[in-house]
Amino acid sequence: MPWSNSFDDPVRVDGKRKLLTLQQAADYIMQLPEDAQHDAHWQTAIETLINAAETGGGWVMFARIAMLRALNADSRGG
């Protein structure tokens with residue numbers, strides 16, 4: 001399954017930007033400061049994105065959830 005695979009529903013970032021594909025989500029994480037990328041919630045998002053790209057199926061949904069949780073954790077400051 002390619003990184004170009006789309007989420008069932010886009011992941012909204014900052015209320016404006018939408019991440020539509022696994023690749024866009026991965027690119028978003030890679031643009032974060034390096035120390036933020038090592039936070040547990042972003043590490044979980046990265047792992048599920050990789051599983052989604054390699055396996056597909058339900059992993060795409062899990063990757064979307066992990067992205068939403070990581071974004072929510074950042075907005076709460078944790």
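One is the number of the first residue; the rest follow in order along the sequence. None of these values were measured; they are calculated from a predicted model.
If you check the side chains of Asn72 and His41, you find no donor sitting under 3.5 Å from an acceptor.
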Residues 23-35 side chain polar contacts: donor-acceptor under 3.5 Å, at least two apart:
from	atom 1	to	atom 2	distance (Å)
Gln23	NE2	Asp27	OD1	2.8
Gln24	OE1	Leu20	N	2.5
Gln24	OE1	Thr21	N	3.4

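Gln43 places a side-chain N or O within donor-acceptor distance of the main-chain N or O of Gln37, the cut-off being under 3.5 Å. Of the possible polar contacts, none joining the Thr55 side chain to the Ala52 backbone as a donor-acceptor pair under 3.5 Å is found.
The shortest heavy-atom contact between Arg64 and Pro10 is NH2-O, 3.4 Å. Closest approach of Leu19 and Phe7 over heavy atoms only: O-CD1, 3.7 Å. Across all non-hydrogen atoms, the minimal contact from Ala45 to Ala66 is CA-CB, 3.7 Å.
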Taking it one step at a time, do Trp59 and Thr48 satisfy side chain to side chain contact (heavy atoms under 4.5 Å, CB included)? CA-CA 7 Å; Trp59 280 106; Thr48 57; 3.9 Å; yes
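In this structure, Ile50 and Trp3 have side chains that are in contact, with non-hydrogen atoms separated by less than 4.5 Å.
The side-chain contact (heavy atoms from CB on, under 4.5 Å) test with Met67 singles out one residue from Leu22, Val13, Leu49, Ile46, and that residue is Leu49.
Put simply, CD on Glu54 and CG on Asn51 are 6.0 Å apart, with the number rounded to the nearest 0.5 Å.
Ile65 and Val60 are assigned to two separate hydrophobic clusters, defined by single-linkage of ILVMFWY side chains at heavy-atom distances under 4.5 Å.
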